[in-house]
Structure formats: structure tokens, C-alpha cells
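All remarks here apply to the structure that follows.
Here is the naming used below: chain letters follow the sequence lines, and residue numbers restart at 1 for every chain. As a basis for the values below, the full set of heavy atoms in this structure was taken, side chains included, without hydrogen atoms, waters or symmetry mates.
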Amino acid sequence: MEQQHESCKLGLWLFLMTEVLLFGGLFCFYAVYRSWHPETFARASRELNVTLGAVNTVVLIISSITVALAIRCIQLNKVKQCMAYLVATIFFAGVFMVVKLVFEYPEKFAHGTLPGKYFTAGQLEGTNPHIFFGVYFGMTGLHGLHVLIGMGLLLWILIRCKKGHFSPQYYYPVELTGLYWHLVDLIWIFLFPLLYLI
Amino acid sequence: MNTIPEINYLNHPKGLWSWLSTVDHKRIGIMYLILIMIAFGAGGFYAMMLRLELMSAGQQFLTPEAYNQAFTLHGAIMVFLFIIPSVPASLGNFVLPLMLGTKDVAFPRLNLASWYVYSTGAILIIASIFIGKIDTGWTFYAPYSTLPDATGGVQWQIVTVTAGIFIVGFSTIFTGLNFVVTIHKMRAPGLTWSRLPLFVWGIYATSLIQILATPVIGITLVLLILENIWNIGIFNPAYGGDPVLFQHFFWFYSHPAVYIMILPGMAIMSELIAVHCHRKIFGYFPIALSSVAIAMLAFVVWGHHMFVSGQSEYASLVFSFLTFFVAIPSAIKIFNWVTTMFGGSIAFTTPLLYAIAFLTLFTIGGLTGIHLGTLSVDVHLHSTYFVVAHFHYVMMGGAVMAFLGGLHHWWPKMFGVMYSEFFAKIAWFFIFVGFNATFFTQFFLGYQGMPRRYHDYSDFLSTSIFESLHGFSSFGAMLLGIGFLIMIFYLIHSLFEGEPAGDNPWGGLSFEWQTTSPPPTHNFIHDPVYVHGPYDYDKIIPEVTYDPMDTSKDRGMRY
């Protein structure tokens, strides 16, 4: 059992490395274009709403705390509390998605600050602000997709928890899902300053 | 008298659904083998189209547009559906747990999932052929792959084929992940890293590259799809993008990918040489660690595909310099294998014939890689047939020869039967001669300036020279085709009429030879414990139950 636990953890860490490389490609995209058009990037990033971005950052960090607490609970055989923390995590993930999809994205569509050929907000100076929004939507979009996948995984874990599958002897699906969730959070912690703050 | 065990993994449990829902790594390996061979046939079909068209100057039967699609699909199918999965997914899946003395891989359900993911991706790739023209070359360079099509709409066929490749990439990642965890966590008692067969080391290095490199092609293709559908502008200068960035992203994966193709082949080579020469491997640690060194160096040389793409000369210099280093670990292996054979008891078996083919052909391919890695020379040779010849020598003369050698080496273990040595040797001869006739000629073609991806060569100054060389190359391709047809014939025949092989026809010393042929579903009747090393031919003289030169017994095929 212990060996299976170790194997699964190793397997998940390897998968997380693939995720890092996947997003790494996008970070590379960001770095290259920022180095070519620094003023454009700086100007275009001021179009983003720092407050909402900060709210989302805090929300995700709290969700990471709740998922860690969920793992701790199941280690102590407190099944009901574990479920409560999992619900909280899913809730905060949902808040993140709502802030993004209801408050941030539609505003961009309205202003025309969109990638590539859809860019119609003519008043931004600097060469080719289209690219910044390509980077923005590409990175936050892929990240958002991973948040949704994470919500699905957390929901599945919640259902299994309710059915009584987990105990202090067997809880590593909860642990592994938590690890995935921490990575999703970590990627956002890099995204936020790079896109919103600098 | 060898017999096939009554109950083995092939016939128990029975039924198609038991195969499609299996989590047995051996069955999954066979299922992959079938799909991979079909992919090889499809890629080979396109290759024959190309060679028939190029046989003489002027158009034979392919329009220029059809020709472009033929070389694109030949490349895409061969690279993504055949050669990258070939050894790890089929032979690796089958042999690795057996070699480690364990029951299965670390994540058997993930293994089955990877087969279904591969199949889904393959279906998408094939479907895309019917959606529209795919004529960008397997490298899908922007801007040609991202421009609107003739009616101004999205190139949906490009979106579909790249989505298919993206999905197949996940199958690669799952396999690599599975193998790394299996090798770390599931070795038999006593089997430390320094006692592992070199096949395991090679598969391990391959899996590391698979895990780290494949996500990069993933994101590259996602960006290509986004560019196609929504024109986000990443590769379009009008919106601030850069097409050369696509090349950087693409080759950052595709160069390590070629090491995913060759490292498993090299892994097989160590087994073939040691077992068929009954000789302790010379330089175990150099071979093992050179696999890891190749895996690391693979990631820092991608720019040698882009010497003439407009990148800075300083970057090109650095890439050229680093490219020379990659040759060193490969050369170490070749030297060690040749030295291993010296003083060994060399058996004239088909697997060893393929191993010897590898030694010669991979050396030629590798040395011509040095030609191409030399910056100043590459300026002249880039995009000529010299490049085509180089990579076919390493990919086909290297990886495919090793794959075929491994297939013949483990065929008796997988199916319990021996193939006909007589026809196997004839097929080998056609393949070896045909391969050299086809591709050695192409070095001359490239050196004389014949560009690649050209459907015709009628109006060049050198057309008559090109025509003779192309004609000879196409003739060689037909010999190659005959060789493979003979191979399909005797391999399938062996499944029905082959002589039972016995547990250990070759006298191998690693764990897979200590179980029955074919093995039971759970691999071993008694769990193996490490007693001697996999290459301890200096301490042990194993019994060989199969003599390829013995014509006294009925082999199921009369000759």
C-alpha cells in the first residue's frame, strides 16, 4: 500500500512537471514578446483591472488553504470536516471563475481589447497591443481551463468522500488532487504579477 | 521438446472485449504493435507514392498539390503515429515489467488509457485528410499553416490534424510517466540500478524526454490552433507576432523527439548484441549514463534546424558547437557495442543481423549529422536531399532496424513461436540492400543541390544527373517494399505454423527469459529474485535451445 502511495505521488509529480512545461511555453511567449515590445506591454497591461486580479489571487490562495485542511482532516479521520473543506475549495474556485468570466472577460469584449484581429480598441498607443491580449487570453484562458478541470476533480473527490471511500489509511486521491490544485494556484501566483502588476 | 503453455496471457481470458478492456501490459503492448504496424504501412504507402512520382523528371501521376500532401502525410504519420510510439509503446510495454521481474507497470489503467488516447488521436489525424488539403510539411510552419484557405475561412484540416497530434502526445506522456514510476518503484528484490538490463536504462532516459518535451509541442500546437481559428497574432507580424517563434517552439520539442525515437532503439541494441554474441557488455556504465547524457543534451541543440531561418549568427554558432557534443555519447555506445562483439560467440540470427545493420547505418547517419551540424556546410545542405538522407539513415537505418531486431528477438517470448529464419534472412537482405540503394543515393542528390519537398526537377541544369539518381533511389524503395512484404508474410505465418520456441531460445540472462513463452498473465509463476546480472556471460554458459543453422528439424515451413 505504501509502495502504491509512493508510486502515485511520483506519478503525479511527473505529471505536474508536464504541466509546468506546458505553461512554460506560454511564459516563454510572454517573455519574448515583452522583451520586443516593453512599452506596449506596460501600457496594455494597465487596461487590466488590478483589483479584480488581486481578489482572484486571494481567493485562490484561500482555496489552497482549504484543500490542504481537507487533506489534514481525512488524515485525522474527520470525514465530515474534510467534505466541508472540499466544498469550500470548490466554492472559492467558483468565485475565481465568476470574477473572471462575469467581471473581467466581458468588459474586455465590450472595450474591444481582444487578441489579434479582433482588437478594436484603437486608442492604445505603442506598436501592436494585439499581442498583449493574445498573451493575456492565452495564459488566463488555459489557466481557467485548468481551474475548471480542478473543480471537476474536487467534485469527484467530494462524492467519493461522501461514499466513505477515504480513511487515514487510504486518502491519497485527496492528497494528489490537492497537489494538482496547489500547482494551479502556483501558476496563477506567477501569472498575476506578470500580467497585472508590471 | 518445447511446448507452448496451455494457459498464457494470449488465450486467457478470451474474447475481444477482454482485450479491449485489458490492463495487462503484454496485451496492451500487442494492441499497440498492431496499430503501429498499420501506421507504418500507411506512412510507407505515402512514401511509395513519392518515390514513384520522383522516378523520372516531369509529372508521373501526382499533381504538385497531391505531392505536397503526400510528403506531409508521410512525415506526420511516420513521426507521430509510428516511430515515436514504436519501441516504448509496443516492445517497452511488453518487456519492461518482465525485465524488472514485476507483475505489471505502475499504473495499468493509465496504460490502457494511453492506448485509447493514441487511437483517438490517430482517428483525428486520419479524419483530417478527408477535411481538406494538408500540404504544409509535417513541420506545419507558420505562416503557411495559419493563413486563411482559398475561400478566406479557417483551415479546419490543419486544426484537426494538429489536434490529433496533440492528443497522441498525451499517450506519449502517459507512457513515459508510467515507465518512470515503474522503474523507480517496482523492481524485483535485489535489482539495484547498476544491475538493470541496459534496455531499462534506455527506456528510462526516453521516458524522461517524453515527459519533459511533449508538453511543449502540446502548447505549440494549441497556439497554432488558436492562431488558425482566432488569429490571436502570435505568429503573424501584422499583429506583432513572429513566424520564427513557431519554429523555435516546434523544434524545442521536435529535436528531443528524435532522441525519443533513437534512445529506445539503442536500448534494444545492448540486449541484441549481448545476448546474440553471448558476451558481457563492454562498458555497462558508459552505455547507461550516455543514454542520460543524450537525454540532457537533446534539449539544447534545437536551433540547428534553424540555421538559415534568420536567427542571429551567434545563436547559430552556439547551437552548432553544442550539436557536436551530442555525437559523443552516441559514439561511445557504438564503440562499446562493437567491442562487446569481439571474442563473443556470434550467432548468425536475424536479430543480430538487424543489430549489425544498425551499427553500420546509424554510424553513417550520425556522421552525416555532423556535416549538417557544421554551420557553414549546413548553409549549402539545408533543405536538400542530404538532410533527407541523413535523417532516414538515423531514423530508419537506426531506430527502425533496432525495432525490427527487437521485434524478432522478443517475438518468441511474445507469441511462443519462432518465425522462419530462412525468410527472415531474405527479408533482411532486401531491406538492407533496398534501404542503402534508396537513401545512400540521396546523399549525392543533396550534395549536388536537389532540394527537398520538390515534386519535380525538370528544369534544373542537373536534371539528367538527378534523374539517374532518383531512378536508382526509387528502385531501392521497391526493394525495401518487397522486404517488408516478405516480413509481414513470415511473421503472420509464424503465428499459425511456427515452431514452439521454448522459454529461452537465445540463452538470455535477464528476467524475461526465466518465464514461459508466452508468459502467464501475471508474468511469473515464481517471483524472480536477482541471482546473476543480465550480461554475466563470463560466469554462466546458458543453454541455447534454438540453433538458427539447424535445418534438421521441421520448422513449419519446408524449404
Under a 4.5 Å heavy-atom cut-off, does chain A meet the side chain of B:Asn178, its backbone, both or neither?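 B:Asn178 has no heavy atom closer than 4.5 Å to chain A.
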Side chain, backbone, both or neither: which part of B:His248 has a heavy atom under 4.5 Å from chain A?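 Contact with chain A involves no heavy atom of B:His248 at all.
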Atom [atom1] of [X] with >12 non-hydrogen neighbours under 6.0 angstrom:
| X | atom1 | result |
| --- | --- | --- |
| A:Trp13 | CH2 | no |
| B:Phe179 | CZ | yes |
| A:Lys108 | NZ | yes |
| A:Lys100 | NZ | yes |
| A:Phe27 | CZ | yes |

Under a 4.5 Å heavy-atom cutoff, which of A:Cys8, A:Gly138, A:Gly141, A:Gly134 has the most pairs with chain B?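 Going by pairs under 4.5 Å, I would pick A:Cys8.
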How far does [atom1] of [X] sit from [atom2] of [Y], to the nearest 0.5 angstrom?
| X | Y | atom1 | atom2 | result |
| --- | --- | --- | --- | --- |
| A:Thr18 | B:Phe174 | OG1 | CZ | 8.5 Å |
| B:Ile211 | A:Leu16 | CD1 | CG | 11.5 Å |
| A:Glu6 | B:Met186 | CD | CE | 13.5 Å |
| A:Leu21 | B:Phe252 | CG | CZ | 7.0 Å |
| A:Glu19 | B:Ile173 | CD | CD1 | 8.5 Å |
| B:Leu245 | A:Phe29 | CG | CZ | 7.5 Å |

With a 4.5 Å limit on heavy-atom distance, are the side chains of [X] and [Y] in contact?
| X | Y | result |
| --- | --- | --- |
| B:Pro215 | A:Phe23 | no |
| A:Leu142 | B:Ile219 | yes |
| A:Leu26 | B:Leu223 | yes |
| B:Leu226 | A:Phe137 | no |

Does anything in residues 109-118 of chain B get under 4.5 Å of chain A by heavy atoms, and if so which residues?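 So no residue qualifies.
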Who wins among B:Asn236, B:Val216, B:Leu212 for the most heavy-atom pairs under 4.5 Å with chain A?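 Heavy-atom pair counts peak at B:Leu212.
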Examine whether an atom of A:Tyr33 lies under 4.5 Å from a heavy atom of chain B, and if so say whether it belongs to the side chain, the backbone or both; otherwise answer neither.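 Just its side chain gets close to chain B.
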Quick one: closest heavy-atom pair of B:Val180 and A:Leu14, and the distance?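 Heavy atoms of B:Val180 and A:Leu14 come nearest at CG1-CD1, 3.5 Å.
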